Undergrad: 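For reference, the structure I am asking about is given below.
Chain naming here is simple, since letters A, B, ... match the order of the sequence lines and numbering starts at 1 in each. Values in this document were obtained by computation on a predicted structure and should not be read as measured data. Values reported hereafter were calculated over all heavy atoms of this structure, with side chains retained and with hydrogens, waters and symmetry mates removed.
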Number of protein chains: 2
Amino acid sequence: MPTETFFNLPEEKRQRIIEAAIDEFSRYSFHKARVTAIADNAGIAKGSFYQYFEDKKDLYKYLMETIAKKKMSYINKDMLLNRDKYGFFQLLREVFLSGIRFAKENPRLVPIGEMLLADKELLHELYGENMDRNNDFFKQLLKYGQEKGEVDPEADLDLLAHMLSVLTYSLVDLVMEDGKIDMDDMEIYDKMLYFVENGIKKR
Amino acid sequence: MPTETFFNLPEEKRQRIIEAAIDEFSRYSFHKARVTAIADNAGIAKGSFYQYFEDKKDLYKYLMETIAKKKMSYINKDMLLNRDKYGFFQLLREVFLSGIRFAKENPRLVPIGEMLLADKELLHELYGENMDRNNDFFKQLLKYGQEKGEVDPEADLDLLAHMLSVLTYSLVDLVMEDGKIDMDDMEIYDKMLYFVENGIKKR
DNA sequence: TATGAATATGACTTCATATTCATATGAATC
DNA sequence: GATTCATATGAATATGAAGTCATATTCATA
């Protein structure tokens with residue numbers, strides 16, 4: 001947890017620090033990221049950094065929390081808007097698009113997530129056992145699809161959730177070129193959805 | 001490239017060095033991996049290391065080349081054995097299983113690949129533009145499937161190849177627990193294949 | 001305006017590692 | 001036995017960051 005001092009900072013300054021951190025962690029993995037660079041970029045002294053955070057990991061954890069909240073609330077907003085109005089596969093499409101939209105609006109967060117995912121040790125340290133909140137999300141969604149009779153009732157939801165989450169991530173990755181996302185080419189999302197739909201629908 | 005000296009070394013010693021390197025790089029990312037640990041583990045002096053390799057990256061590149069060759073020849077062996085004898089989806093199954101089998105026989109290579117995949121900068125440095133030999137492999141396979149009339153002729157092979165390669169990797173990951181692979185539970189592979197088959201077959 | 005508590009600072013220390021280099025060893029060749 | 005050449009060694013040096021700390025500055029309030 002950041003210190004009291006950090007939270008007492010004027011919004012603007014706190015924001016500058018967060019920005020600098022996002023910038024550094026989006027370029028470099030946790031281990032390669034440099035506290036010095038973050039401090040420099042935020043326009044604060046290195047000493048101040050340690051006034052605000054216990055250490056590099058403290059900041060990183062805080063950042064991850066913030067990002068996770070932001071993303072979840074973003075996607076849930078879209079979900080709540082469309083739930084019941086749509087069938088399962090349309091809903092899934094919304095979730096895909098919502099994920100892409102989030103990535104497009106926050107392109108720097110994508111590599112941060114990817115690099116964390118790759119560092120099993122760090123991942124475990126941060127999330128311990130409940131490492132798969134992302135999977136849970138898809139699992140709930142799939143269960144809903146089964147209840148509506150649209151998803152194969154025989155399907156292994158854990159495996160499917162895993163595959164969906166992996167596919168979403170890879171899609172974002174595919175559509176990103178040098179940190180920029182080209183969202184206008186809808187085709188690719190629908191191709192993937194077509195694949196997924198055929199793969200899991202009830203027959 | 002390793003030096004002449006390295007290649008002149010007795011097979012046994014060279015192997016010890018490679019072993020030690022695999023061991024270190026499977027535990028730590030390229031950047032965290034320590035030359036000292038490799039030298040110690042191989043039972044050579046640190047100075048000797050620099051007799052054999054220009055630097056840490058030199059060894060790493062060499063290792064990646066070796067591994068890629070090994071894996072490709074492993075999978076191709078299985079492919080050649082079964083090509084023509086099988087239909088496309090059976091062949092795909094063989095490739096999946098072959099990949100899993102390879103991972104089971106060389107569990108330490110899995111995290112090495114994953115960590116490299118996560119380090120875009122390093123990845124780019126090693127492979128430059130042709131970053132997707134893995135995708136190419138699946139693309140060829142899919143093309144073959146289309147020719148045999150088993151794969152949807154409308155399918156976007158680049159996208160599908162990408163998805164297959166991502167799914168394979170994630171499957172290996174899923175089936176690995178603490179560096180050990182439980183291969184005996186065939187069910188999960190067939191579930192994923194069932195999903196994939198429905199997703200891409202010609203209708 | 002005076003005061004001290006809170007905040008800010010960056011030079012310095014520490015530490016873990018990569019890399020170099022002068023020197024040793026030992027086998028082959030003369 | 002002397003000379004040469006390839007190989008081996010680890011102490012010495014370089015590097016690059018994390019984290020510390022004594023000191024300076026700011027700011028609320030008495």
Side-chain angles (χ1 to χ4, degrees), chain A residues 1-21 23-64 115 119 121-122 125-126, chain B residues 1-64 115-116 119 121-122 125-126:
Chain A
M1 261 292 124
T3 61
E4 194 60 34
T5 310
F6 176 71
F7 291 110
N8 290 339
L9 251 33
E11 173 69 17
E12 185 274 326
K13 188 171 194 174
R14 218 169 27 202
Q15 214 44 49
R16 242 167 46 222
I17 295 169
I18 295 297
E19 271 305 299
D23 214 73
E24 181 72 3
F25 285 124
S26 69
R27 286 182 218 282
Y28 307 103
S29 66
F30 173 74
H31 267 90
K32 277 202 280 174
R34 299 148 305 164
V35 168
T36 307
I38 295 173
D40 286 357
N41 262 303
I44 63 171
K46 198 144 58 127
S48 303
F49 181 94
Y50 289 93
Q51 217 68 320
Y52 308 145
F53 307 99
E54 197 176 324
D55 53 22
K56 189 162 66 154
K57 197 169 281 168
D58 189 28
L59 161 61
Y60 188 77
K61 281 181 185 167
Y62 173 67
L63 207 58
M64 288 306 132
M115 287 188 281
D119 190 336
E121 196 178 320
L122 187 58
E125 187 177 340
L126 294 204
Chain B
M1 261 295 120
T3 61
E4 193 60 33
T5 310
F6 176 71
F7 290 111
N8 290 341
L9 250 35
E11 173 68 18
E12 185 275 324
K13 188 172 193 175
R14 218 168 28 201
Q15 214 43 49
R16 240 165 50 220
I17 295 169
I18 296 296
E19 271 305 299
I22 290 180
D23 213 73
E24 181 72 3
F25 286 124
S26 69
R27 287 182 216 282
Y28 307 103
S29 67
F30 173 75
H31 267 89
K32 278 201 281 173
R34 298 148 306 164
V35 169
T36 307
I38 295 174
D40 285 358
N41 261 301
I44 63 172
K46 212 143 42 124
S48 303
F49 180 94
Y50 289 91
Q51 216 71 323
Y52 309 145
F53 307 100
E54 199 176 323
D55 52 22
K56 186 163 66 157
K57 197 169 282 167
D58 189 29
L59 162 61
Y60 188 76
K61 281 182 185 167
Y62 173 67
L63 206 58
M64 288 307 133
M115 287 188 279
L116 172 56
D119 190 336
E121 196 178 322
L122 187 58
E125 187 177 341
L126 294 205

Undergrad: Without swapping roles, check the side chain of B/K56 against the backbone of B/A33 for a donor-acceptor pair under 3.5 Å.
TA: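 Answer holds: yes.
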Undergrad: Report the distance from atom CD of A/E4 to atom P of C/dA6, rounded to the nearest whole Å.
TA: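 That distance rounds to 11 Å.
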Undergrad: Quick one, which residues of residues 13-37 of chain B touch DNA chain D with a heavy atom under 4.0 Å?
TA: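 The answer is B/K13.
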Undergrad: Between B/Y52 and B/D58, what is the shortest heavy-atom contact and its length?
TA: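 For B/Y52 versus B/D58, the nearest heavy atoms are O-OD2, 4.5 Å.
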Undergrad: Check the surroundings of atom CD in A/E12: do more than 12 heavy atoms from other residues, nucleotides or ligands lie under 6.0 Å from it?
TA: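 Result for CD/A/E12: enclosed.
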Undergrad: CD of A/E54 versus P of D/dG19: gap in Å, rounded?
TA: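 Rounded to whole Å, this separation is 10 Å.
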Undergrad: Counting side-chain heavy atoms from C-beta on, which of D/dA8, D/dG19, C/dA8 comes nearest to A/T5?
TA: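 Of the candidates, C/dA8 comes closest.
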Undergrad: When you check the phosphate oxygens OP1 and OP2 of C/dT20, does a side-chain N or O of B/Y50 lie under 4.0 Å from one of them?
TA: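 Checking B/Y50 against C/dT20: no side-chain N or O falls below 4.0 Å of OP1 or OP2.
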Undergrad: Roughly, in whole Å, what's the span from CD1 in A/I44 to P in C/dT9?
TA: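 Atom-to-atom, A/I44 to C/dT9, this comes out as 8 Å.
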Undergrad: So does A/N8 get a side-chain nitrogen or oxygen closer than 4.0 Å to the phosphate oxygens (OP1/OP2) of C/dT7?
TA: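 It does, given that an N or O in the side chain of A/N8 lies less than 4.0 Å from OP1 or OP2 of C/dT7.
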Undergrad: When all nucleic acid strands are considered with a 4.0 Å heavy-atom cut-off, which category describes A/S48: base, sugar-phosphate, or nothing?
TA: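 Base contact - A/S48 has a heavy atom under 4.0 Å of at least one base atom.
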Undergrad: Closer than 3.5 angstrom, by distance alone: can the side chain of B/S48 be matched with the main-chain N or O of B/Q51 as a donor-acceptor pair?
TA: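 Here the side-chain-to-backbone pair does not exist.
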Undergrad: Quick one: CG on B/D119 to OH on A/Y28, what's the gap to the nearest 0.5 Å?
TA: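 Atom-to-atom, B/D119:CG and A/Y28:OH are 11.0 Å apart.
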Undergrad: Which ranges of DNA chain D pair up as stems, where a stem means three or more consecutive Watson-Crick or G-U pairs with both distances under 3.5 Å?
TA: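 Correct response: C:1-30 with D:1-30.
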Undergrad: Please tell me which of the listed nucleotides, C/dG10, D/dA8, D/dG10, lies nearest to the side chain of B/A45?
TA: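 Of the candidates, D/dG10 comes closest.
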Undergrad: Going by the angle between their ring planes, with limits at 30° and 60°, are B/Y62 and B/F53 parallel, tilted or perpendicular?
TA: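 Correct class here is tilted.
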Undergrad: Kindly point out which of C/dA8, C/dT19, D/dG19 is positioned nearest to the side chain of B/D55?
TA: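 Shortest atom-to-atom distance from the side chain points to C/dT19.
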Undergrad: Rounded to whole Å, please give me the gap between CG in A/D40 and C1' in D/dA17.
TA: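 Roughly 12 Å, once rounded to whole Å.
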Undergrad: Heavy atoms under 4.0 Å, any strand shown: does B/Y52 hit a base, just sugar-phosphate, or nothing?
TA: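 Sugar-phosphate contact only - B/Y52 comes under 4.0 Å of backbone atoms but never of a base.
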Undergrad: Report yes or no: does A/E24 contribute a side-chain atom to a donor-acceptor pair with the main-chain N or O of A/V35 at less than 3.5 Å?
TA: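 A pair under 3.5 Å: no.
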Undergrad: Show, in sequence, the C-alpha distance, side-chain angles and deciding distance for A/R27 and A/D23, and conclude whether the side chain to side chain contact (heavy atoms under 4.5 Å, CB included) test is met.
TA: CA-CA 7 Å; A/R27 286 182 218 282; A/D23 214 73; 2.6 Å; yes
Undergrad: Between C/dT19 atom C1' and B/K57 atom NZ, what is the distance in whole Å?
TA: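 Interatomic distance, NZ of B/K57 to C1' of C/dT19: 15 Å.
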Undergrad: Using whole Å, what does the distance between atom C1' of nucleotide C/dT17 and atom NZ of B/K56 come to?
TA: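 Computing the B/K56:NZ to C/dT17:C1' distance gives 8 Å.
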Undergrad: If you count heavy atoms of other groups shown closer than 6.0 angstrom to CZ of B/R14, is the number above 12?
TA: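 Enclosed: over 12 neighbouring heavy atoms sit under 6.0 Å from CZ of B/R14.
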Undergrad: Can you tell me the distance, in whole Å, between the CD atom of A/Q51 and the C1' atom of D/dT26?
TA: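 About 13 Å, once rounded to whole Å.
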Undergrad: Roughly how many Å is it from CZ in B/F49 to P in C/dA18, rounded to a whole number?
TA: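 Nearest whole value for this atom pair: 8 Å.
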Undergrad: Within the distance-only criterion (no hydrogens, no angle test), does the side chain of B/S29 pair as donor or acceptor with the backbone N or O of B/M115 below 3.5 angstrom?
TA: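 The answer is no, because no donor-acceptor pair under 3.5 Å joins these two groups.
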Undergrad: Determine whether any donor atom in the side chain of A/K46 lies under 3.5 Å from an acceptor atom in the base of D/dG19, or the reverse, and answer yes or no.
TA: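 Such a pair is found, so the answer is yes.
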